[in-house]
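Everything on this sheet refers to the single structure shown next.
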Amino acid sequence: MKFTSYWLDTAPAGAAERSTTVVEGRTDVAVIGGGLTGVVAALHLARRGAKVHLFEQHTVGFGASGRNGGMATTGMSIGIRAAVAKMGLDKAEPLYRSYGQAIDLIEKLVADEGIDCDFARPGKLNLATKPAHYEGFAKTAELLTTRLGVEADLVPKAELHREIGSDVYHGALIDSKSASLHVGKYIRGLGEAAERAGVTIHENAPVLTLAKRGSGHELTTPRGRIQADQVLVATGAYTRRPFRWHQVRIAPVGSFIIATEPLGTSRCDELLPTRRVASDSKNILNYFRITPDNRLLFGGRARFAMSNPESDEKSGQILRDAMVRILPQLSDARIDYCWGGLVDMSIDRMVHAGERDGVYYSMGYAGHGVQMATYMGRQMAEYMAGVPEANIWRDFPFRRIPGHFGPPWFLPVAGAYYKLKDRVS
Ligand SMILES: Cc1cc2nc3c(=O)[nH]c(=O)nc-3n(C[C@H](O)[C@H](O)[C@H](O)COP(=O)(O)OP(=O)(O)OC[C@H]3O[C@@H](n4cnc5c(N)ncnc54)[C@H](O)[C@@H]3O)c2cc1C
């Protein structure tokens, strides 16, 4: 078994020269973080004519963007019903719709830049783990169809076998617009697209300090320092010093994934005949899909812990047990990959993007960043060019997580809370 992201292991690597670049002089924009937010923002800033330098502490896609489930789904992280209850339909609707627009943007970027990353639109299966959750799906479907004019199909338990080879669920809600893609090829393809547009990518170049200099900023890295008129912090759940203000507003929650050996088409037809991506209705949820080479990829917040080799291994065992409970056909399937990553959670599970002390930021996609980080990358390029309405999240205050001083000691407490919630709800 490999303890590395299947996506990064099966995607072409970026250019080695990115690790030996010289950091000096000045630039219009410095982007910090080589995930989807940073790379897509850099690409669009360069397309607008800006001189852009992007700094990544490891390699492009090292963070969540190269480690996720590869599912680009519609719907907000807090759920459309909760969003409408919280802020009213008028405010919730454009936010909800932006997730669909974000998937369209991925499709367009992939086509425009010729990125071969198995983008497809099989749709998404939301699976009810309790009968009451299916009743909740029915309410969501009604809201979507009657008030937003969005197609949402319910599948009762008796008909579920046409969608999944499992007996554990109590029905499903299908969203037909959701997509799947090979995220390793996607993020690395975007890195190349950004370079073609003129972006200079510095890898193995952590930004160590950021200070105001005149009307701009000075950044230092181990390979030198650079002056930038504008700065975008796009460090997601991997945010650390010197970005402490952002760090204490984002909980880095470990999420873990296993991938089986290639199973062949007919076994995959038994598991997920329509090839939709899937996730269940728990707070501590499981998500799964078939990869382009016919493996089952199965993920979840197996443990409320940070991702590290020991944690990933323990999580892999928990995930394998969960996978076999749901899909007993896989009891003899070999596990080829097991890895973890950090999900960027804000306290209200909303995206937070804006500017503070002249430094721009966008983060907090809470497990919906494949599409939303892509979208916000493009939107931040416009926002930074002076178009405030490009940032649809600008009115939401970015609150500090109480008691968060750096290391996320509170994760097991949060885990226990959500486990209890899953038991009673
Ligand atoms: C296991 C897992 C499964 C997920 N599944 C899904 C899914 O199926 N669908 C979905 O929509 N979302 C999913 N997500 C969430 C999604 O992947 C993220 O929300 C999204 O990728 C965030 O992108 P980003 O660019 O903001 O951050 P990241 O991709 O995390 O990038 C941040 C980068 O900043 C770099 N960095 C940090 N500090 C510095 C510094 N000082 N100097 C230079 N570089 C620095 C890091 O090395 C990192 O590469 C999942 C996440 C995980 C971990």
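Read the numbers this way: they start at 1 and go in the same order the structure lists the ligands and their atoms.
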Sub-3.5 Å pairs, protein N or O with ligand 1 N or O:
unit_1: ligand 1; atom_1: 5 (N); unit_2: G69; atom_2: N; d: 3.0
unit_1: ligand 1; atom_1: 8 (O); unit_2: G69; atom_2: N; d: 3.3
unit_1: ligand 1; atom_1: 8 (O); unit_2: M71; atom_2: N; d: 3.3
unit_1: ligand 1; atom_1: 9 (N); unit_2: M71; atom_2: O; d: 2.7
unit_1: ligand 1; atom_1: 11 (O); unit_2: M71; atom_2: O; d: 3.4
unit_1: ligand 1; atom_1: 11 (O); unit_2: G367; atom_2: O; d: 3.4
unit_1: ligand 1; atom_1: 11 (O); unit_2: G369; atom_2: N; d: 3.1
unit_1: ligand 1; atom_1: 11 (O); unit_2: V370; atom_2: N; d: 2.9
unit_1: ligand 1; atom_1: 11 (O); unit_2: Q371; atom_2: OE1; d: 2.8
unit_1: ligand 1; atom_1: 12 (N); unit_2: G367; atom_2: O; d: 3.1
unit_1: ligand 1; atom_1: 12 (N); unit_2: G369; atom_2: N; d: 3.2
unit_1: ligand 1; atom_1: 17 (O); unit_2: A64; atom_2: O; d: 3.3
unit_1: ligand 1; atom_1: 17 (O); unit_2: N68; atom_2: ND2; d: 3.2
unit_1: ligand 1; atom_1: 19 (O); unit_2: D344; atom_2: OD1; d: 3.1
unit_1: ligand 1; atom_1: 21 (O); unit_2: S65; atom_2: N; d: 3.2
unit_1: ligand 1; atom_1: 21 (O); unit_2: S65; atom_2: OG; d: 2.9
unit_1: ligand 1; atom_1: 23 (O); unit_2: S65; atom_2: OG; d: 3.2
unit_1: ligand 1; atom_1: 25 (O); unit_2: L36; atom_2: N; d: 3.0
unit_1: ligand 1; atom_1: 25 (O); unit_2: T37; atom_2: N; d: 3.0
unit_1: ligand 1; atom_1: 25 (O); unit_2: T37; atom_2: OG1; d: 3.3
unit_1: ligand 1; atom_1: 26 (O); unit_2: T37; atom_2: OG1; d: 2.8
unit_1: ligand 1; atom_1: 29 (O); unit_2: A64; atom_2: N; d: 3.4
unit_1: ligand 1; atom_1: 29 (O); unit_2: S65; atom_2: N; d: 2.9
unit_1: ligand 1; atom_1: 29 (O); unit_2: S65; atom_2: OG; d: 2.5
unit_1: ligand 1; atom_1: 30 (O); unit_2: A64; atom_2: N; d: 3.0
unit_1: ligand 1; atom_1: 41 (N); unit_2: V207; atom_2: O; d: 3.1
unit_1: ligand 1; atom_1: 42 (N); unit_2: V207; atom_2: N; d: 2.9
unit_1: ligand 1; atom_1: 44 (N); unit_2: Q57; atom_2: N; d: 3.0
unit_1: ligand 1; atom_1: 47 (O); unit_2: E56; atom_2: OE2; d: 2.6
unit_1: ligand 1; atom_1: 47 (O); unit_2: Q57; atom_2: NE2; d: 2.9
unit_1: ligand 1; atom_1: 49 (O); unit_2: E56; atom_2: OE1; d: 2.8
unit_1: ligand 1; atom_1: 49 (O); unit_2: E56; atom_2: OE2; d: 3.2
unit_1: ligand 1; atom_1: 49 (O); unit_2: G63; atom_2: N; d: 3.2

Check: Taking the six-membered ring for Trp, are the ring centroids of W393 and F398 within less than 6.0 Å of each other?
Finding: no
Notebook entry, point to check: Does the gap between the ring centers of F243 and Y361 come in under 6.0 Å?
Noted result: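 No.
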Check: What is the minimum heavy-atom distance between W7 and G69, and which atoms define it?
Finding: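 Here W7 and G69 meet closest at CZ2-O, 3.8 Å.
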Note to self: More than 12 heavy atoms of other residues, nucleotides or ligands under 6.0 Å from CZ of R225: yes or no?
What the structure shows: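 Open.
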Item checked: Residues E195, R18: salt bridge by 4.0 Å N-O rule ->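 Between R18 and E195 there is a salt bridge, with a charged N closer than 4.0 Å to a carboxylate O.
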Checklist line | Listed partners of D269 passing salt bridge (charged side-chain N to carboxylate O under 4.0 Å, His left out), at least two apart | finding: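 For D269 the salt bridge (charged side-chain N to carboxylate O under 4.0 Å, His left out) partners, ignoring immediate neighbours, are R275.
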